[in-house]
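Quick notes on the structure that follows.
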Protein chains: 2
Amino acid sequence: MSNKRVTIYDLAREMGISVSYISKALNGHPAVSERVKNAVRKLAEERNYKHNSQAVNLRRGSARTIGVIVPQIDKSFFSEAIAGIEEVCSENGFSLIICQSHDSYEKECEAVSTLIHQNVDCVIISISAGTHSPDHLRNLQANGIEVIQFDRYIDELDSFKVISNDEEVSGDVVKDFIRKGYNRIAFIGGPEHLTIFRLRKKGYLKTLKEAGLPILKRFVFDDSLSKEQASAIAANLLTLENPPDAFFTVSDEQALGVLQAARALGVRVPEDLGIVGFANESFTGIVSPTLSSVDQKSKEMGKRAANLYFESMTVKQRGGPVSVKKDIIKAKIISRESSRRDADKPGSL
Amino acid sequence: MSNKRVTIYDLAREMGISVSYISKALNGHPAVSERVKNAVRKLAEERNYKHNSQAVNLRRGSARTIGVIVPQIDKSFFSEAIAGIEEVCSENGFSLIICQSHDSYEKECEAVSTLIHQNVDCVIISISAGTHSPDHLRNLQANGIEVIQFDRYIDELDSFKVISNDEEVSGDVVKDFIRKGYNRIAFIGGPEHLTIFRLRKKGYLKTLKEAGLPILKRFVFDDSLSKEQASAIAANLLTLENPPDAFFTVSDEQALGVLQAARALGVRVPEDLGIVGFANESFTGIVSPTLSSVDQKSKEMGKRAANLYFESMTVKQRGGPVSVKKDIIKAKIISRESSRRDADKPGSL
DNA sequence: ACCAATTTTTCAATCGATTGAAAAATTTTT
DNA sequence: AAAAATTTTTCAATCGATTGAAAAATTGGT
């Protein structure tokens, strides 16, 4: 046990040739004959040689690695996005380091620090709910690390951004509610310092206004991302004299909270109350009634984010100018039982 | 943009002192006066110096990192276990590299390769359903990397193991069913080359036998881990002339599959059919009816696994003998609606 | 067989940080 | 003030791999 690792020095000693020659042979350098290449590769295989990434990366000056920071990896939105990132990275021979911020600014900063230490080439991040300033991300850029934001982003930071058409699709959700006959639509949002939550609220408010519906302040809530908060808000509103007949929430956890409050109060969903959430988490399809949600095409967002890095690298290498751009991926409403009122039934259009 | 990183050479040049002295100052070496230490630290802070982990690790010969390989990070069992590992690692100043095998042997081998390259000190793994041989894990050991298995393990590999009392708790599930009046209990298992699935089946069979109940071969299925397979099996059995009145499954996905099949056929749960799954995934508490499940204390398993590494390190450093041991964490049945028949109601004991 | 051209192989520097030994500077002792 | 003891600082090797330049060996032409 605890054997030392085989290095190219070991191989060189055993074969009686120089270290640099071994290195060139293993890397397919043209100055090495096929005969030697094969012999070296064979021995490397036999001795179970594995290169030391630390050494390679140090020498190269790059770890060929992308760091990913997300609030939680066990939300399907994020794990799917990571899957997309992983796919593109492995196509390009890059590895991934995944960090969780658990929605805390401090943990996010720690992750940033780790990734700088690890000498990553790029950081793809969906910022935590606790993050108010992009200084730590500027720190990454100051260290020559490309920053790419997705979903939850800070607009003022000059970086690539891969986002949904939040305002537009939020408007669509409201329109859909109205079309189905819901017209007392409540909104449960997130912290307003995050652009996506501002935009979703904006889309909601704007569409209500355009539809000529009154905006009831007591039906609009910010900064209530947890299931429990949403549940409490719903329980409160549903016992009013004139309760809402629909809830639009900016996450699926909130939508679930609303559903549970409705269940507890005997309010029927979707007959008496429509619910639409955001992110199309996997549980939305298995609760009863199933929850309508906005699908943000998480995997595609991840792929797009990673591709932005590799594309910009290519352009930079050619000396071309890299214009900072915002990539918008169109989200799509997945209509399930929780918003399926009569008006939506086939033939009723 | 694309600035080069600050190194101790830059700091040394700026302060007009040697590189090694800078290094010693930053690391609190006793041979450096407080005056110099403070000055160096101040400048390092100002210039935003971050050490290069590649260089540090190369020199040290260890990355102070633990690699984790699990089938999927978006199952709460695994993400909770990872949270536990993370907690213990950060207490000990270690980092984490997380890899997913997606239940494929090839991907698991790739992950092993990556982790060897990254020079990790230890690998904590729950092996994939597609893994039949522990050769790749022996490869880790041959490279001086400690291997710790948890949950899904290969018994024949000489390594630490952190596992549940699978056979015992499976027996308890069956006993619980019987106590509640279920007596035609079907079983949907996993691939038998994984010890945990063998043990769960063994506990099921043994307990049926001890209870004097017949073992019906057509009620026992192996290697059917997916929700779809479980659903198909349930649909099949429930339309028999003498269908089962309970299902014990080795995962929660399977339990959900059974529930959906029962719903589709109009079979009432738990009145006509009891269901108990395994892992206490988060969705078991939000489906309707809620699903009973075996809680494996995933976070504790993760913490235990990581602690085993640090404990064995301490012992090894002292030159003490490290006996390979199996740590058993007692699982607990979480009784929810899907197995809540009359007999279980309060006062009916 | 000799010189040039080509192929094969080695040398030495490099990446960034650490560390024990050696050297230089300072303080204490006599 | 010289010698000894102590503190401060630098030197040089090291970790493992890569790479351009230089050297050595081989091949070809005449």
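Below, read A as the first sequence line, B as the second, and so on, with proteins coming before strands; counting in each chain starts at 1.
Backbone-only contact: A/N27 has heavy atoms under 4.0 Å from sugar-phosphate atoms and none from a base. Backbone-only engagement by B/T7 is indicated by non-hydrogen atom pairs under 4.0 Å involving sugar-phosphate atoms exclusively. Contact annotation for A/V32: no contact, since no heavy-atom pair falls under 4.0 Å across all strands. Nucleic acid contact class of B/L26 (heavy atoms, under 4.0 Å, all strands): none.
Where B/Y49 and B/H29 each meet DNA chain C at their nearest nucleotide, the meeting point lying more 5' is that of B/Y49. When each of B/Y9 and A/E34 is assigned the nucleotide of DNA chain C with its nearest heavy atom, A/E34 is the one assigned upstream, toward the 5' end. Heavy-atom nearest nucleotides on DNA chain D were determined for B/S18 and for B/L58, and the one closer to the 5' end corresponds to B/S18.
Following rounding to the nearest Å, B/Q54 (CD) and D/dA17 (P) show an atom-to-atom distance of 14 Å. In this structure, CG of A/N57 is placed 14 Å from C1' of D/dC15, rounded to the nearest angstrom. In this structure, A/Q118 places its CD atom 16 Å from P of C/dG16, rounding to the nearest Å. Atom-to-atom, CZ of B/R13 to C1' of D/dT10 comes out at 17 Å; the value is rounded to the nearest Å. When the C1' atom of C/dC15 is taken as reference, atom CG of A/N119 falls 10 Å away, rounded to whole Å. When rounded to the nearest whole Å, the span between CZ of A/R64 and C1' of D/dA17 equals 14 Å. Atom C1' of nucleotide D/dT9 and atom CE of B/M15 are separated by 13 Å, given to the nearest angstrom. Per the geometry, CD1 belonging to B/I17 stands 15 Å off P belonging to C/dA25, to the nearest Å.
Under the Watson-Crick or G-U wobble criterion, with both distances below 3.5 Å, C/dT30 is paired with D/dA1.
Donor-acceptor pairing under 3.5 Å, judged by distance alone, is present between the side chain of B/S20 and the base of D/dC11. If you check distances only, the side chain of B/K24 does reach the base of C/dG20 with a donor-acceptor pair under 3.5 Å.
When atom types are taken as modelled, the side chain of A/T114 and the backbone of A/E110 share a donor-acceptor pair closer than 3.5 angstrom.
You'll find that the side chain of B/R35 is closest to D/dT9, out of D/dA17, C/dT8, D/dT9.
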Let me see the working for A/Q118 and A/I97 under side-chain contact (heavy atoms from CB on, under 4.5 Å), right down to the final yes or no.
CA-CA 9 Å; A/Q118 293 296 330; A/I97 300 182; 3.9 Å; yes
CA sep, side-chain torsions, deciding dist, call: B/K42, B/E46, salt bridge (charged side-chain N to carboxylate O under 4.0 Å, His left out)
CA-CA 6 Å; B/K42 183 156 164 272; B/E46 273 174 32; 3.6 Å; yes
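A/K161 has no carboxylate O lying under 4.0 Å from a charged side-chain N of A/D151, or vice versa, which leaves the two without a salt bridge.
If you check the side chains of B/R304 and B/N307, you find no donor sitting under 3.5 Å from an acceptor.
Phosphate proximity of C/dT19 to B/Y21: absent, as no side-chain N or O sits under 4.0 Å from OP1 or OP2.
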